[in-house]
Amino acid sequence: MVFAKSLVENPEQVNNNVVFIHQFGEEEYPGGAQAMIADGCLEGVDAVYGCHLQSTMPSGTMYYKEGFIQAAVDTFVITVNGKGGHGAIRKKQSIPLSQRHTLLQHFSRSSAVIQIL
């Protein structure tokens, strides 16, 4: 917002039309981008520069990169099916609870956000 404010306060420094867009719901699927585009927010726009707050960056520091830099929001469901049984005959079991636990351990090592239903 400080950048937007500085451009508004110094219009003589700006040689082109500038449109500020705030995407709502970007943290959850499907986000707000599709609805905003359908409403025409990109009509007449030749370039887009995105900004995302990042609490791990030192205050007053700005990073940039051409192309994509942030991860996408994807949602999927995994269903673990299996067959339990008696502890004395484990070879005939697939132990779905154990499989689910193993999956959760692997996902917890990634940047995935896990919601157990």
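- Linking Ile, Leu, Val, Met, Phe, Trp and Tyr whenever their side-chain heavy atoms come within less than 4.5 Å leaves V8 and V19 in two separate clusters.
- For D46, the CG atom is loosely surrounded, since the number of other residues' heavy atoms within 6.0 Å does not exceed 12.
- For the atom pair CD of Q99 and CG of N81, the computed distance is 9.0 Å after rounding to the nearest 0.5 Å.
- Of all heavy-atom pairs between F20 and A4, the closest is CZ-CA, 3.3 Å.
- Shortest non-hydrogen contact noted between M36 and Q23 is SD-CA, 3.5 Å.
- Interatomic distance, L42 CG to D39 CG, rounded to the nearest 0.5 Å: 11.0 Å.
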